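Throughout, a chain's letter reflects where its sequence line sits, starting with A, and its residues are numbered from 1. Every value quoted in this text rests on a predicted model; they were computed, and no experiment measured them.
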Amino acid sequence: MADPMKIRAQLKGDVAEIRVLMGHAMETGQRKDAAGKTIPPHFIQSLTVEVGGKKVVEGQVGTSVSRNPVFGFKVKGAKAGDKVVVSWVDNKGDKRTDEAAVA
Amino acid sequence: MKYRIAVVATLAVAGTGSVLAQAKDPTIAGIEKYREMLGDDNPAELYEARGEILWKMKAGPKNASLEKCDLGLGPGVVKGAYVQTPRYFADAGRVMDIETRINWCRTSLQGFSEADVRKRPFGSADKPSEIEDLVTYVVTASKGMKVNVPTSHPKEVEAYELGEAMFHFRAGPYDFSCASCHGESGKRIRLQDLPNLTTTADARRAYIGWPAYRVSTSRVHTMQWRINDCFRQQRFPEPKYMSEAVDALITYMAQTANGAEYKGPALKR
């Protein structure tokens with residue numbers, strides 16, 4: 001099971017600033033280990049963000065993204081207390097979903 | 001425009017700074033901006049979360065958690081403990097830094113052997129070591145607090161003096177000492193500024209940023225690791241993990257940095 005995400009969602013005016021920190025290896029499949037064997041790719045492939053029950057981001061993520069990545073979004077029209085739900089799925093089928101409330 | 005005036009004013013105050021120091025100022029401003037942008041989202045938080053679980057989880061031959069661990073402020077007190085270490089611990093009879101102390105609790109409370117805790121102190125990006133998680137959890141609890149390392153016990157004085165002596169001791173194939181890189185102001189290696197750890201200002205600036213998550217290695221490095229790596233860079237024999245020598249060097253630095261506000265695990269290149 002992957003590490004839980006850290007989600008921050010802060011309201012500034014009517015714009016919610018959402019920042020998500022994910023714990024993931026994000027292996028590209030291009031690196032080799034000490035024995036010279038290729039390390040198999042393992043990376044987050046898709047990402048969705050819902051705010052207040054409405055899907056606001058549906059993204060594809062690739063191998064150019066770093067290990068333990070941070071994503072930031074600005075969402076207009078969010079209200080304090082709105083539920084933010086972030087989920088990802090990686091190329092091995094692992095998933096993770098975490099929630100936070102807009103503050 | 002205001003920003004520019006501020007920069008000029010800073011340079012004027014610096015005054016004695018060399019021409020070189022002024023020339024690289026935009027770069028430093030750029031690096032500082034980069035750090036500020038990333039400051040809130042440090043992957044060290046992932047270590048902290050794991051460390052908190054490990055702290056409260058029953059483990060080891062005695063099946064105990066670390067919640068009764070005395071980090072210097074009484075059993076179980078985590079908040080503020082980091083900024084008051086290294087210190088003398090009467091039950092152990094020596095000065096210990098935070099990492100040494102947590103490992104001491106793992107042996108005395110949880111029943112791990114000395115060999116167990118020494119087996120893998122420094123992890124990798126794929127497999128962080130448990131002590132790195134635990135240290136990150138404990139130090140983060142002191143975020144925003146003043147570094148206030150005790151300096152009065154004779155053993156603490158002794159550790160400081162030993163640390164200071166080692167800091168200036170030249171040896172090894174390069175005839176190096178810690179002071180070769182960290183004993184003069186205004187030095188750098190490529191674009192890395194080298195703090196002059198004999199001065200309070202630089203020691204504070206350096207001390208408040210450790211432990212740190214390094215983007216280039218994708219993992220958290222502890223102060224024990226940092227000292228170990230300084231030894232490697234000087235081509236010294238590898239120092240023993242948690243030894244009095246390493247803890248003395250940390251004591252020297254921490255006591256010099258006294259009064260600084262601890263910023264929590266930093267994010268570094």
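Residue B:Glu67 places its CD atom among more than 12 non-hydrogen atoms of other residues, nucleotides or ligands, all under 6.0 Å distant.
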Checklist entry - Taking it one step at a time, do A:Arg67 and B:Asp126 satisfy side-chain contact (heavy atoms from CB on, under 4.5 Å)? => result CA-CA 10 Å; A:Arg67 178 190 290 268; B:Asp126 292 311; 3.1 Å; yes
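Contact between B:Leu46 and A:Pro4 at its shortest, heavy atoms only, is CD2-O, 3.7 Å.
If you measure heavy-atom distances from A:Met5 to chain B, you find no contacts under 4.5 Å at all.
To the nearest 0.5 Å, the span separating NZ on A:Lys6 from CD on B:Glu48 amounts to 5.0 Å.
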